Amino acid sequence: MQKAFSPESFETRLYAWWMESKCFHAEDQSPKPAFSIAMPPPNVTGALHNGHALFVTIQDVLVRWKRMSGYNALWLPGTDHAGIATQMVVERELAKEGLKRQAMGRDAFLKRVWEWKEKSGDMIVEQMKKLGGSPDWDRLQFTMDPHLSKAVRHVFVTLFEQGLIYRGTRIINWCTRCQTALSDLEVKPTERKGHFYHLKYERTDGGAPLVIATTRPETLLGDTAVAVHPDDERYKGLVGKKVKLPLMNREIPVIADSYVDKEFGSGALKVTPGHDFNDYDIGKRHNLPVMGVFDKAGKINAEGKQYQGLSVTEAREKILADLETAELLVRTEDHLHSVGVCDRCERVAEPMVSEQWFMNVKPMAEKAIAAVRKGESLTLAEVEKRDDAIKIMPESWASTYYHWMENIRDWCISRQLWWGHQIPAWYCDKGHTTVSKENVSRCATCDSTSVRQDDDVLDTWFSSGLWPFTTLGWPEKTKAYNTFYPTNVMETGFDILFFWVARMIMLGMHFNEGKVPFKRVYLHAMVRDEKGQKMSKTKGNVIDPLDIIRDYGADAFRFTLSTMAGQGRDVKLSLDRIEGYKAFCNKMWNASRYVLMRLGHVASELPGDPIPKADFKKVTGGKPLADWVSENRADFHPLNKWILAELDKTITVVERGLEEFRLNESSQAVYDFVWGQYCDWYIEFSKELLGSVEHSARVGETQVCLMHVLEQSLKLAHPFIPFITEEIYQHLPERPGQKQGTPLMLASFPNASRYEGGERDIETVTVWKSAVDTLRAFRGENNISPKARPKVSYEVLNPKVGDQFIAGVPFIRALAQLETLAGETGDVDGELKRVEKDKQTTLADIEFTKAKLTKPTFIEKAPKELIDKEKDKLKALETKVAELDHALERLKKLK
RNA sequence: UGGAGUGUAGCUCAGCGGGAGAGCAUCCCCUUCACACGGGGAGGGUCGUAGGUUCAAUCCCUAUCACUCCAACCA
């Protein structure tokens with residue numbers, strides 16, 4: 001084993017070895033219970049970021065743990081074609097070469113995107129490997145693989161036949177830059193500074209003109225009504241009459257609709273059904289004509305008459321100027337309002353009426369809501385046993401989910417892009433539509449052979465919405481499908497709860513006889529920079545995960561992410577923290593190295609080290625260490641019993657944390673145990689145990705315990721820090737029942753033993769530890785040189801603790817670095833001071849406790865156990881004062 | 001506008017009804033033969049603010065302030 005811990009020296013080698021040994025492989029069929037996670041497929045738009053690192057870590061921890069716990073564990077990897085995002089990236093690349101997709105043509109363009117996909121997909125896979133991710137790479141899939149594409153068509157055609165997918169002309173969000181329709185989710189409301197314009201609409205009956213406020217004066221070109229609230233006294237007589245649309249020489253009616261807010265603006269609203277979602281609804285209620293005045297490039301069309309050809313912004317300027325001239329612009333105010341912008345390019349999205357494909361999701365949403373409601377009333381364990389309920393964690397997300405699902409609108413699924421699944425609909429020259437799973441060359445209605453496939457592609461989330469089952473071979477009921485559907489855990493970011501998770505639930509239940517696609521959803525938080533800001537290239541605060549791995553190792557990075565992946569809390573990534581966990585890895589490395597030296601299996605650096613080479617076979621009679629330990633534990637030395645008890649406690653905490661997605665608790669427990677108990681105390685105590693003749697009978701037993709506890713710790717830590725634990729494990733000496741060269745990642749995860757006396761064992765050693773602490777504090781406070789080996793005397797005052805203490809004397813002496821623990825004390829003054837101080841605080845404690853116990857309300861109302869506890873405490877404190885008094889007396893005499 | 005979350009030591013975070021914890025940072029001592037990515041010691045917090053419930057509140061309730069996020073149809 002190398003002296004220095006250097007992750008780069010083994011990470012790559014071990015990963016390759018795991019791959020060769022097929023350690024990540026999951027069986028399609030197995031007698032073992034199944035556990036599966038469908039990996040959220042990263043977009044093939046480029047490199048991995050910290051958000052990916054977080055999900056890879058969390059999912060890998062869960063999968064490694066389950067795999068070691070005897071499950072046939074499948075983590076199914078893949079990548080997503082990410083329609084708009086990828087097309088945009090490639091278009092940008094092409095622009096550098098002076099190329100445009102329109103000029104290239106569809107086929108040539110797609111060829112380039114595929115090339116990009118190969119490159120980017122490989123890169124992402126490589127990066128996940130660097131992190132130590134253990135998905136079953138043999139099953140790696142891409143959303144546009146032939147099989148998945150076939151499933152997409154199957155779903156499209158089925159939903160079409162069920163009447164849930166239809167083509168219609170409706171108002172949708174349109175990005176004039178990306179030149180495509182967007183779903184509601186792809187439009188992000190953004191605060192923008194704008195103006196509030198008050199315009200005059202003159203009445204045809206010569207009455208006082210109506211004043212109407214708007215932020216978008218250019219849309220007046222498409223106004224087809226003015227609306228007021230039916231109860232608005234100011235406009236009572238006006239409903240049914242007409243007003244003159246400024247500049248357009250058109251008359252439009254005044255209508256009454258309760259959507260209008262009487263308090264807002266002038267209480268009169270211009271209605272533009274062609275370019276506003278609400279106006280569209282109002283228009284439908286009142287049978288208003290829908291007038292589109294922008295074209296798809298965002299230019300005014302022929303309906304805009306004299307403004308035709310102007311862009312939206314140009315038209316606004318011109319119209320305002322013309323209104324001003326016509327004295328129809330009453331006033332202008334500054335106004336901060338939110339506008340919808342394209343999620344991808346941030347250009348303002350234009351609501352526009354257009355013919356698109358839609359999915360009616362309402363019926364599916366109802367079932368999807370019911371499944372989560374059911375999950376809410378069940379525990380995590382109960383939900384695992386069924387296939388009709390979903391538990392969302394952290395639970396606070398459930399209400400957000402309901403709200404969205406209850407108000408869900410039809411999903412616009414067509415996109416005017418080239419990269420994606422082309423819609424399986426064909427139109428013939430007579431205008432008939434044929435929807436089919438197979439390519440169509442003849443119209444199903446009129447047999448015309450002049451057919452053309454719809455140019456558009458499906459929203460990217462259409463195919464990823466099928467991910468948990470299409471990746472298992474669906475619609476065929478494959479062995480893998482039967483084994484792994486429903487999957488157990490969906491672990492992803494809350495930012496795609498609606499985009500993805502909700503749609504998987506709806507489509508999953510719809511196409512799998514009501515069976516949910518996953519039983520538990522764990523939504524992790526965002527990875528931010530150390531100040532809590534979102535990492536973005538423009539802010540320049542992006543930390544590249546590969547840089548972190550290079551500087552600290554994948555394990556330190558993973559451990560950091562695990563400890564910070566507490567529920568519902570953003571991960572603020574700080575390099576200091578990562579460095580701290582690298583130190584932990586280093587500690588683990590060196591502790592292991594020491595243990596191996598002490599077992600005589602690695603050349604000791606101590607000249608003349610008296611410790612014999614550990615012969616486990618002889619000590620345990622050929623039994624595996626774990627078995628031998630549990631059979632003989634009751635007779636072990638208190639120190640060995642104690643560390644085994646601490647180990648049991650740790651295993652329990654680690655397992656509970658993993659079960660409840662509290663990875664931070666689990667990783668913290670591992671850290672505290674390995675460093676705070678095993679290294680800081682047990683190893684130090686063991687030096688005395690192994691090094692002194694007095695305990696020579698305990699050497700074999702202690703060597704077994706050192707080994708056994710180290711091995712269990714490695715297993716416990718493995719899911720979090722797979723590389724270093726595996727590397728150390730491969731250096732462990734031969735043990736009975738243990739085949740050398742088998743990977744740790746396939747070893748079985750520790751179980752807490754059922755041994756009863758653990759608490760008592762812990763108590764004993766706690767007495768020793770606190771004695772050492774006291775002596776060390778005394779040295780520190782009194783500036784006694786670390787080199788000094790003072791002689792210290794002790795006196796047993798409390799016989800109960802006394803026996804425990806006496807057994808620990810040699811160990812306390814060793815750890816406190818004393819010459820003797822029995823003789824005369826060196827510095828009486830200092831000790832007097834310390835004991836005096838201790839007495840004072842103890843007296844204060846007594847006062848506090850007495851006050852509590854003499855309070856009548858406390859005696860009456862507090863639970864009996866607590867009162868007893870307080871009484872016991874008081875007694876103990878009083879005894880302690882008596883002891884301290886005794887000690888003071890003695891010290892004074894010595895002086 | 002509505003909903004959710006967060007506010008604890010200088011920093012990053014645990015704890016969440018019975019007298020406040022960790023890591024890092026700071027200060028002091030130590031190159032003791034696994035580890036200076038180390039060992040030992042010390043200092044440091046009226047647990048955002050104000051009320052309330054309770055024998056008892058950092059923890060529960062109410063209000064309030066600050067930050068963050070989510071959902072939104074106010075032109």
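None of the values given here were measured: they were computed from a predicted structure. Below, read A as the first sequence line, B as the second, and so on, with proteins coming before strands; counting in each chain starts at 1.
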Between [M] and [N] - [atom1] atom distance, rounded Å:
N: B:U54; M: B:C16; atom1: P; answer: 24 Å
N: B:A42; M: B:C59; atom1: P; answer: 30 Å
N: B:G10; M: B:A4; atom1: C1'; answer: 30 Å
N: B:C11; M: B:A50; atom1: C1'; answer: 28 Å
N: B:C13; M: B:A9; atom1: P; answer: 12 Å
N: B:G18; M: B:C61; atom1: P; answer: 16 Å
N: B:G45; M: B:U8; atom1: P; answer: 15 Å
N: B:C74; M: B:C60; atom1: C1'; answer: 38 Å

Whole Å only: how far is the [atom1] atom of [X] from the [atom2] atom of [N]?
X: A:Tyr678; N: B:C35; atom1: OH; atom2: P; answer: 16 Å
X: A:Lys582; N: B:G38; atom1: NZ; atom2: C1'; answer: 14 Å
X: A:Met564; N: B:A22; atom1: CE; atom2: C1'; answer: 13 Å
X: A:Lys869; N: B:G17; atom1: NZ; atom2: C1'; answer: 12 Å
X: A:Leu663; N: B:A14; atom1: CG; atom2: P; answer: 13 Å
X: A:Leu690; N: B:A34; atom1: CG; atom2: P; answer: 12 Å
X: A:Asp672; N: B:C13; atom1: CG; atom2: P; answer: 18 Å
X: A:Glu8; N: B:C37; atom1: CD; atom2: C1'; answer: 13 Å

Open item on the list: With a sphere of 6.0 Å drawn around NZ of A:Lys869, does it hold more than 12 non-hydrogen atoms of other residues, nucleotides or ligands?
Closed with: no

Measure all distances between protein nitrogen or oxygen atoms and nitrogen or oxygen atoms of nucleotides 40-46 of chain B, and list the pairs falling under 3.5 Å.
none

Open item on the list: Can you tell me which residue among A:Leu210, A:Leu220, A:Val330 is in a side-chain contact (heavy atoms from CB on, under 4.5 Å) with A:Leu199?
Closed with: A:Leu220

Assess the side chains of [X] and [Y]: does a donor N or O sit below 3.5 Å from an acceptor N or O?
X: A:Asn664; Y: A:Thr563; value: no
X: A:Thr560; Y: A:Lys582; value: no
X: A:Glu660; Y: A:Tyr522; value: no
X: A:Gln817; Y: A:Arg789; value: yes
X: A:Asp257; Y: A:His286; value: yes
X: A:Asp555; Y: A:Tyr581; value: no
X: A:Ser183; Y: A:Glu186; value: yes

Task: Aromatic plane relationship, A:Phe720 with A:Phe559 - under 30° parallel, 30 to 60° tilted, over 60° perpendicular - done: perpendicular

Who is the Watson-Crick or G-U wobble partner of [N], with both distances under 3.5 Å?
N: B:C73; answer: none
N: B:A4; answer: B:U68
N: B:U49; answer: B:A63
N: B:C11; answer: B:G23
N: B:G17; answer: none
N: B:U31; answer: none

Listing, residues 675-683 of chain A side-chain donor-acceptor contacts under 3.5 Å, not counting sequence neighbours, or none:
| unit_1 | atom_1 | unit_2 | atom_2 | d |
| --- | --- | --- | --- | --- |
| A:Gln677 | OE1 | A:Lys769 | NZ | 2.9 |
| A:Tyr678 | OH | A:Leu706 | O | 2.7 |
| A:Tyr682 | OH | A:Asn640 | OD1 | 2.5 |

Open item on the list: Could you check whether any side-chain N or O of A:His275 sits under 3.5 Å from a backbone N or O of A:Pro351, counting only pairs where one atom can act as donor and the other as acceptor?
Closed with: yes

Open item on the list: Quick check against the 3.5 Å criterion: does A:Thr854 have a side-chain atom that pairs as donor or acceptor with the backbone of A:Lys852?
Closed with: no

Hey, does [X] reach any base, or is it just sugar-phosphate, or nothing, if we go heavy atoms under 4.0 Å?
X: A:Cys679; value: base
X: A:Glu860; value: nothing
X: A:Glu865; value: nothing

TODO: Identify which one of A:Phe10, A:Phe584, A:Phe723, A:Tyr594 satisfies the ring pair (Phe, Tyr, Trp, His ring centres under 6.0 Å) criterion when paired with A:Trp589.
DONE: A:Phe10

TODO: Keeping to residues at least two apart or across chains, list the salt bridge (charged side-chain N to carboxylate O under 4.0 Å, His left out) pairs with something in residues 328-340 of chain A.
DONE: A:Arg331-A:Glu333

Taking only N/O atoms, report every protein-nucleotides 23-31 of chain B pair under 3.5 Å with atom names and distance.
| unit_1 | atom_1 | unit_2 | atom_2 | d |
| --- | --- | --- | --- | --- |
| B:U31 | OP1 | A:Lys787 | NZ | 3.3 |

So which protein N/O to nucleotides 55-59 of chain B N/O distances come out below 3.5 Å?
| unit_1 | atom_1 | unit_2 | atom_2 | d |
| --- | --- | --- | --- | --- |
| B:C55 | OP1 | A:Lys861 | NZ | 2.4 |
| B:C55 | O4' | A:Thr857 | O | 3.4 |
| B:C55 | O2' | A:Lys855 | NZ | 3.0 |
| B:C55 | O2' | A:Thr857 | OG1 | 3.4 |

Task: Where protein sits on nucleotides 70-75 of chain B, one letter per nucleotide: B base, S sugar-phosphate only, - none, heavy atoms under 4.0 Å - done: SSSBBB

Open item on the list: Between B:A34 and A:Glu684, counting only base atoms on the nucleotide and side-chain atoms on the residue, is there a donor-acceptor pair under 3.5 Å?
Closed with: yes

TODO: Would you please indicate if the ring centroids of A:Tyr729 and A:His731 are separated by under 6.0 Å?
DONE: no

Open item on the list: On the nucleotide B:G39, are OP1 or OP2 found under 4.0 Å from the side-chain N or O atoms that A:Lys587 carries?
Closed with: yes

